[in-house]
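A note on names: the letters A, B, ... follow the listed sequences, proteins ahead of strands, and every chain is numbered from 1. Source: prediction; values computed, not measured.
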Amino acid sequence: MRLAHPEFAPDASLSREEMEELQHEVADAAIFEDAFEFDPESVRAEPTDDAQTHLPTGEDENEGEDDDSDVAVPTESPESPVVVGVDQAFVGDLAVSAVVASRDGEVVERAHAAVETEIPYIPGLLSFREGTAILRAFEELTVEPDLAIVDGSGRIHFREAGIATHIGVMLDLPAIGVAKNLLCGDLRDPPEGHMAEGERVPVVSNSRVSAPDGTVIGYALQSRQYPNPDKRHVNPLYVSSGHRVSAETAAELVWQLCAGYKLPEPTRRADAYADEVTETVDT
DNA sequence: GCGACAG
DNA sequence: ATCTTGTCGC
């Protein structure tokens, strides 16, 4: 696919101030509300094993319905959305970005790109280190994605423009940020003990975030938990809107994309593919 | 000056 | 992110 907004390119040669200014522009262009076409409930982590099972078996299974006479029953539901997982791996100064696209929980295409790293990791400026590699991987993709799950934060960012937001805005693609650690913000109602599987706690902005204090910028999502969290527990994921998805919907979609593991399937697939590519295209 | 800090 | 064995608990 191609870039919708090249003017927001994460140029690593910019000064720190220019990078931060660009992030403010990206945040202004971002939409932290639901603005997508697909049906969020149709998004799933794994293929439904009966996909082919309900094909015509001669007679139909109409239960006492009178008659729809001659018209062919339009069992045709809208095309399921294409969800892509994005993740990176590094080999020395080489950043390998992997993008894996799935539809109905099945992988339909994989793409990758390796780009030389120009700057070190700087909290808050991640997109300027990994962004170019990610965009190049997306350029290699031929299918049209409907949603991107990006490793890292989206709105949970000092200037509300984490890597998921930057990528989403540049491609004008609905995007969600999934991070394993909290970059900034506070949990609104800190649970006493550990969170139960499926539980969500709002992440709100504080003085370190450009958004007005108390704004819900994401959710801590307990995507997986052990039976007895007192002995051994799993840390939650920090989900935030990247672009064209609200914080609530982002958390729900990520939850639906989980299949028994802490990380959502799109991310796990991209992670595995990134490693796969790394072992081949390195040295 | 000190603290905080995705991947 | 990456360097790495065993080990504890499900």
Side-chain angles (χ1 to χ4, degrees), chain A residues 10 12 16 19-20 23 26-27 85-99 112 114-135 137 148-168 175-187 194 196-197 203 205-210 217-243 247 250 254 260-264 267-268 270-279 282-283:
Chain A
R16 178 159 188 148
M19 289 180 176
E20 299 186 346
Q23 292 185 318
V26 167
V86 187
D87 191 37
Q88 287 71 242
F90 298 82
V91 182
D93 287 342
L94 203 59
V96 175
S97 181
V99 173
H112 68 86
V115 175
E116 205 66 36
T117 280
E118 297 179 53
I119 61 175
Y121 162 67
I122 301 173
L125 299 178
L126 188 62
S127 59
F128 291 90
R129 173 178 165 76
E130 313 182 347
T132 301
I134 294 175
L135 293 171
I149 303 300
V150 183
D151 60 306
S153 292
R155 196 182 187 185
I156 295 180
H157 179 275
F158 309 116
R159 292 165 290 283
E160 301 176 85
I163 194 164
T165 299
H166 207 136
I167 295 301
I176 295 173
V178 175
K180 303 179 202 65
N181 292 289
L182 192 58
L183 173 62
C184 58
D186 301 310
L187 292 189
H194 290 298
E197 194 164 291
V203 173
S205 58
N206 53 30
S207 62
R208 298 167 60 199
V209 181
S210 60
I217 53 178
Y219 281 91
L221 168 67
Q222 196 68 51
S223 55
R224 182 185 180 184
Q225 189 55 283
Y226 294 130
N228 192 335
D230 298 315
K231 293 189 172 187
R232 189 186 184 74
H233 68 278
V234 178
N235 289 142
L237 290 179
Y238 297 95
V239 181
S240 57
S241 27
H243 184 47
V254 170
Y261 296 91
K262 173 176 178 173
L263 296 175
T267 300
R268 284 164 43 76
D271 184 76
Y273 183 45
D275 286 340
E276 195 178 307
V277 173
T278 282
E279 295 171 17
D282 75 51
T283 75

Polar atom pairs (N or O), protein with nucleotides 8-10 of chain C, under 3.5 Å:
unit_1: C:dC8; atom_1: O2; unit_2: A:Arg232; atom_2: NH1; d: 3.2

When the distance from [atom1] of [X] to [atom2] of [N] is rounded to whole Å, what number comes out?
{"X": "A:Ile167", "N": "B:dA6", "atom1": "CD1", "atom2": "C1'", "value": "14 Å"}
{"X": "A:Tyr219", "N": "B:dA6", "atom1": "OH", "atom2": "P", "value": "22 Å"}
{"X": "A:Phe128", "N": "B:dG7", "atom1": "CZ", "atom2": "C1'", "value": "15 Å"}
{"X": "A:Leu183", "N": "B:dG3", "atom1": "CG", "atom2": "C1'", "value": "15 Å"}
{"X": "A:Asp93", "N": "B:dG7", "atom1": "CG", "atom2": "P", "value": "20 Å"}
{"X": "A:Arg159", "N": "B:dA4", "atom1": "CZ", "atom2": "C1'", "value": "14 Å"}
{"X": "A:Arg208", "N": "B:dC2", "atom1": "CZ", "atom2": "C1'", "value": "13 Å"}
{"X": "A:Glu20", "N": "B:dC5", "atom1": "CD", "atom2": "P", "value": "17 Å"}

Pick from A:Gln225, A:Gln222, A:Lys262: which one makes a side chain to side chain contact (heavy atoms under 4.5 Å, CB included) with A:Pro236?
A:Gln222
Might you point out which heavy atoms bring [X] and [Y] nearest each other, and give the distance in Å?
{"X": "A:Gln88", "Y": "A:Ala274", "result": "C-CB, 4.4 Å"}
{"X": "A:Thr165", "Y": "A:Ser241", "result": "OG1-O, 3.7 Å"}
{"X": "A:Thr117", "Y": "A:Ala95", "result": "OG1-CB, 3.8 Å"}

Do side-chain atoms of A:Gln23 reach the backbone of A:Gly124 as a donor and acceptor pair under 3.5 angstrom?
yes
Under a 3.5 Å distance rule, please check whether A:Arg129 uses its side chain to pair with a backbone N or O of A:Ile119 as donor and acceptor.
yes
Mind checking whether A:His194 and A:His233 have parallel, tilted or perpendicular rings, split at 30° and 60°?
parallel
For [X], which contact category applies under a 4.0 Å heavy-atom criterion: base, sugar-phosphate, or nothing?
{"X": "A:Leu94", "value": "nothing"}
{"X": "A:Ala89", "value": "sugar-phosphate"}
{"X": "A:Ile156", "value": "nothing"}

A:Phe90, nearest nucleotide to its side chain (from B:dG7, B:dA6, C:dA1):
C:dA1
Checking contacts here: which listed nucleotide (B:dC5, B:dA6, B:dG7) is nearest the side-chain heavy atoms of A:Glu130?
B:dG7
Ring-on-base stacking between A:Tyr238 and B:dA6, under 5.5 Å between centres and under 30° between planes: is it there?
no
